[in-house]
Enquirer: 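Below is a structure I'd like to ask you about.
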Number of protein chains: 2
Amino acid sequence: MLRLSKMADYGTQVMTYMARDLAVHSASEVSAGLGIAAPTVSKILKMLVRKNLVDSVMGAKGGYMLARDPAAISIAEIIDAMDGPISITECSGTTTCERESTCSTRSNWQGINHIIQNALEKVNLAEMISPKPQVMDMSALRSRGILI
Amino acid sequence: MLRLSKMADYGTQVMTYMARDLAVHSASEVSAGLGIAAPTVSKILKMLVRKNLVDSVMGAKGGYMLARDPAAISIAEIIDAMDGPISITECSGTTTCERESTCSTRSNWQGINHIIQNALEKVNLAEMISPKPQVMDMSALRSRGILI
DNA sequence: CATAACTAGGACTAGTTTAGTCCAAGTTAG
DNA sequence: CTAACTTGGACTAAACTAGTCCTAGTTATG
């Protein structure tokens with residue numbers, strides 16, 4: 001449950017790959033480096049460009065590079081770029097369902113959404129590539145204010 | 001992104017409906033009460049029974065009822081019953097990917113998973129049906145230890 | 001004990017979404 | 001001017017999801 005789409009998964013893989021070396025990478029290089037089909041990587045990079053997470057350099061010797069410092073790019077942004085807004089249930093947007101008045105459940109979902117969104121915003125790319133996992137153990141999470 | 005499946009959404013709707021009145025409800029009654037197609041509700045209730053979130057009473061005048069106190073049923077359990085284990089990325093289980101050794105990303109995902117799982121476990125059915133949203137505002141979340 | 005009102009379980013279908021491919025056009029280095 | 005790139009979008013195939021339907025089993029009630 002709570003599946004992250006494969007695209008979002010690939011998206012973070014691509015981003016972490018690029019975070020490890022801030023130079024310009026061609027789509028085919030990234031593809032080879034990650035073992036993901038070239039057209040797919042290409043597609044993902046285009047999406048990331050559109051969301052300003054990645055800058056593109058056209059022409060020969062061109063390619064893609066991170067638009068910002070890895071520490072300034074959150075996981076939430078990446079997922080959002082690939083899958084659209086982080087929202088866990090349908091009735092979160094403008095769509096007003098008929099039984100809205102009686103639906104006390106709704107605002108609770110929104111609270112849950114906030115929690116998750118918050119958690120994902122607190123993890124950035126720089127942390128994802130740190131060789132020794134720092135985010136993993138719970139005490140570290142707590143000290144960083146992600147968890148209770 | 002981070003979409004909750006419609007089934008999981010329905011699942012929580014059904015559960016909150018039943019939490020409001022702990023008596024036995026037939027599938028058709030729940031269907032009418034929620035405005036969800038009867039076969040679908042029926043299917044959902046069966047899934048919930050299998051996961052021991054709901055008890056069934058067979059025969060005439062039979063139906064379904066919550067297996068436990070609403071306060072003892074977390075949202076995480078419900079979502080899990082409908083969609084399977086809460087996991088945000090593919091390589092969370094037993095499947096070992098080839099580049100596991102170099103994959104420092106993986107453990108970070110697991111940390112994120114923990115955060116989300118944790119958040120969903122802390123919200124229970126009883127809270128979902130409370131008329132005035134208590135979980136919604138962030139300060140309340142903090143005081144309850146869900147958020148920083 | 002017969003019937004009506006239920007649940008149990010699973011097979012099945014239609015629809016939507018997702019992943020992935022491909023092609024034509026525009027840009028730039030050399 | 002050519003080779004190596006990106007851009008954008010159209011397109012296809014496969015997977016998944018939601019939803020339907022059918023048969024069998026269980027129990028209350030008259």
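Both backbone and side-chain heavy atoms feed into the values below; hydrogens, waters and symmetry mates do not. In what follows, every chain begins at residue 1, and chains take the letters A, B, ... in the order their sequences are listed. Just so you know, these numbers come straight off a predicted model, no measurement behind them.
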Enquirer: Are B:V57 and B:V49 linked, directly or through other ILVMFWY residues, by side chains that come within less than 4.5 angstrom of each other?
Expert: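 They do not share one cluster, since no chain of ILVMFWY contacts under 4.5 Å joins B:V57 to B:V49.
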Enquirer: Take the protein atom CE of A:M47 and the nucleotide atom P of D:dT7, then report the distance between them rounded to whole Å.
Expert: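 From A:M47 CE to D:dT7 P: 14 Å.
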Enquirer: Is there a path from A:I44 to A:M65 through hydrophobic residues (I, L, V, M, F, W, Y) whose side chains come within less than 4.5 Å of each other?
Expert: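 A:I44 does not cluster with A:M65.
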Enquirer: Return the CE to NZ distance between A:M82 and A:K6, rounded to the nearest 0.5 Å.
Expert: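 That separation rounds to 13.0 Å.
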Enquirer: Tell me the bend of the helix from C:dC1-D:dG30 to C:dG30-D:dC1 as the angle between end helix axes, each from five pairs, rounded to the nearest 10 degrees.
Expert: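 Both end axes considered, the difference amounts to 10°.
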Enquirer: Can you check whether B:S26 has a side-chain N or O nearer than 4.0 Å to OP1 or OP2 of C:dT7?
Expert: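 Looking at the OP1 and OP2 atoms of C:dT7, neither is under 4.0 Å from any side-chain N or O of B:S26.
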Enquirer: Per the side chain to side chain donor-acceptor pair (under 3.5 Å) rule, what does the pair list look like for residues 32-54 of chain A, sequence neighbours excluded?
Expert: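 Those involving residues 32-54 of chain A do not exist here.
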Enquirer: Check for me, please, whether A:V14 and A:V24 land in the same ILVMFWY cluster - side-chain distances under 4.5 Å, paths through other members count.
Expert: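 No.
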Enquirer: Can you list, in residue-number order, the parts of residues 51-68 of chain A that come under 4.0 Å of DNA chain C, counting heavy atoms only?
Expert: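 Those residues are A:M58, A:G59, A:A60.
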Enquirer: Calculate the interatomic distance between B:Y10 atom OH and D:dT17 atom C1'; express it in whole Å.
Expert: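 To the nearest whole Å, that distance equals 11 Å.
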Enquirer: Rounded to whole angstrom units, what separation is found between the CD atom of B:E29 and the P atom of C:dA5?
Expert: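 So the two atoms are 16 Å apart, to the nearest Å.
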Enquirer: Between A:K46 (NZ) and C:dA24 (P), how many Å, whole number?
Expert: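 Rounded to whole Å, this separation is 14 Å.
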Enquirer: Look at the side chain of A:R50 and decide which nucleotide, out of C:dC22, D:dT20, D:dG8, has an atom nearest to it.
Expert: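 Ranking C:dC22, D:dT20, D:dG8 by closest atom to the A:R50 side chain puts D:dG8 first.
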Enquirer: Taking A:S31 for its side chain and A:I36 for its backbone only, find out whether a donor-acceptor pair lies under 3.5 Å.
Expert: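 Looks like yes, one N/O pair under 3.5 Å.
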Enquirer: To the nearest 0.5 Å, how far apart are CD in B:E77 and CZ in B:R68?
Expert: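 Rounded to the nearest 0.5 Å, the CD-CZ separation comes to 4.5 Å.
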Enquirer: Linking I/L/V/M/F/W/Y whenever any side-chain heavy atoms sit under 4.5 Å apart, do A:L66 and A:M58 land together?
Expert: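 Looking at the clustering, A:M58 is in a separate group from A:L66.
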Enquirer: If I take atom CD in residue A:Q13 and atom P in nucleotide C:dA19, what distance separates them, rounded to the nearest angstrom?
Expert: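 Atom-to-atom, A:Q13 to C:dA19, this comes out as 13 Å.
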Enquirer: Roughly how many Å is it from CG in A:L48 to C1' in D:dG8, rounded to a whole number?
Expert: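 So the two atoms are 15 Å apart, to the nearest Å.
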Enquirer: Nearest to the side chain of A:K43 - D:dT7, D:dG19, C:dG20?
Expert: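 So the nucleotide nearest the side chain must be C:dG20.
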Enquirer: Between C1' on C:dG20 and CE on A:M82, what's the gap in Å once rounded to a whole number?
Expert: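 Whole-Å distance recorded here is 12 Å.
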Enquirer: Do B:V41 and B:L34 pass the side-chain contact (heavy atoms from CB on, under 4.5 Å) test, and can you show the C-alpha distance, the side-chain angles, and the key distance before you say yes or no?
Expert: CA-CA 9 Å; B:V41 170; B:L34 291 174; 5.6 Å; no
Enquirer: Without decimals, in angstroms, what is the distance between B:M7 CE and C:dG15 P?
Expert: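 Going from B:M7 (CE) to C:dG15 (P), I get 16 Å.
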